[in-house]
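Below, all heavy atoms of this structure are taken into account, side chains as well, without hydrogens, waters or symmetry copies.
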Amino acid sequence: MHKPTLSAIIIDDELPAIEQLKALLEETGRIEITGSLTSPEKALCQIVNKKPDILFLDIQMPVLSGIDLLKALSGFEKIPYVVVVTAYEDYMLEAFRNSAFDFLLKPVGRDEIDSCIDRV
């Protein structure tokens with residue numbers, strides 16, 4: 001097992017989706033989950049305080065969408081790699097236009113996670 005080398009925060013309004021992604025990431029042994037939130041509004045504070053290397057972000061969430069959060073990050077001093085994790089491929093272009101690093105469709109598989117981490 002590798003010692004975790006990258007820190008990550010997961011933001012998804014569905015707790016089961018967070019748990020599934022967290023399990024996949026922990027299996028790699030390369031990611032340390034420093035936070036997981038169901039509220040994108042509360043995520044901004046955590047991102048500022050914890051300065052994660054990677055942000056795993058859902059798109060469709062109430063109040064603040066993942067795209068809105070991506071736009072808010074553009075003013076940050078240190079912007080994490082943002083990996084969009086969603087069931088809706090319609091958002092791919094908009095995600096990349098707003099500086100997403102990667103775009104993974106749910107359900108996410110281990111190979112996709114490994115490939116993404118390798119590129120980071």
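Among residues at least two apart or in separate chains, there is no ring-ring contact (aromatic ring centres under 6.0 Å, His included) pair with a member in residues 9-33. Sorted by first and then second residue, the salt bridge (Lys or Arg N to Asp or Glu O under 4.0 Å) pairs with a member in residues 5-15 read Asp12-Lys106; sequence neighbours excluded. Residue pairs meeting the side-chain hydrogen bond (donor to acceptor under 3.5 Å, both in side chains) criterion with at least one partner in residues 90-103, sequence neighbours excluded, are Gln60-Tyr91, Asp102-Arg119. Sorted by first and then second residue, the ring-ring contact (aromatic ring centres under 6.0 Å, His included) pairs with a member in residues 38-75 form an empty list; sequence neighbours excluded.
For CZ of Phe96, the number of neighbouring non-hydrogen atoms (other residues, nucleotides, ligands) closer than 6.0 Å is greater than 12.
The side-chain heavy atoms of Leu70 and Leu55, taken from C-beta on, include no pair separated by under 4.5 Å. Residues Arg30 and Asp114 form a side-chain contact, since some pair of their non-hydrogen atoms from C-beta on lies under 4.5 Å apart.
Nearest approach of Lys22 to Ser36, heavy atoms of both residues: NZ-OG, 3.6 Å. Taking each heavy atom of Ile31 and Ala8 in turn, the nearest pair found is CG2-CB, 3.6 Å. In terms of heavy-atom proximity, Pro40 sits nearest to Ile11 at CA-CG2, 4.0 Å. Residues Arg110 and Thr28 come closest through the heavy atom pair NH2-CA, 3.4 Å.
Judged purely by atom type and a 3.5 angstrom limit, Gln46 has no side-chain atom pairing as donor or acceptor with the backbone of Ala43. Between the Lys42 side chain and the Leu37 main chain, no donor and acceptor come within less than 3.5 Å of each other.
Note on Met61 and Leu44: same hydrophobic cluster, where clusters join Ile, Leu, Val, Met, Phe, Trp and Tyr whose side-chain heavy atoms are under 4.5 Å apart, directly or indirectly. Ile54 and Val48 fall into different hydrophobic clusters, where Ile, Leu, Val, Met, Phe, Trp and Tyr are joined by side-chain heavy atoms under 4.5 Å apart, directly or via other members. Placement of Phe103 and Val120 in two distinct hydrophobic clusters is found when ILVMFWY residues are connected by side-chain heavy-atom separations under 4.5 Å, directly or transitively. The hydrophobic clustering, which links ILVMFWY residues whose side-chain heavy atoms are closer than 4.5 Å, places Val108 and Leu6 together. Both Leu57 and Leu64 belong to a single network of hydrophobic side chains, linked directly or stepwise wherever heavy atoms of I, L, V, M, F, W or Y lie under 4.5 Å apart.
Evaluated for a side chain to side chain contact (heavy atoms under 4.5 Å, CB included) with Ile113, the options Leu104, Val83, Val85 yield exactly one hit, Leu104.
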List, one per line, each side-chain donor-acceptor pair under 3.5 Å for residues 74-81, sequence neighbours excluded.
from	atom 1	to	atom 2	distance (Å)
Ser74	OG	Lys71	O	2.7
Lys78	NZ	Lys51	O	3.4
Lys78	NZ	Pro52	O	3.4

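Residues passing the side-chain hydrogen bond (donor to acceptor under 3.5 Å, both in side chains) test with Asp58, sequence neighbours excluded: none. Asp111 is linked by a salt bridge (charged side-chain N to carboxylate O under 4.0 Å, His left out) to nothing, counting only residues two or more places apart in sequence or in another chain. Ser65 is linked by a side-chain hydrogen bond (donor to acceptor under 3.5 Å, both in side chains) to Asp68, counting only residues two or more places apart in sequence or in another chain.
Remark: Thr34 OG1 to Asp53 CG distance equals 8.5 Å, nearest 0.5 Å.
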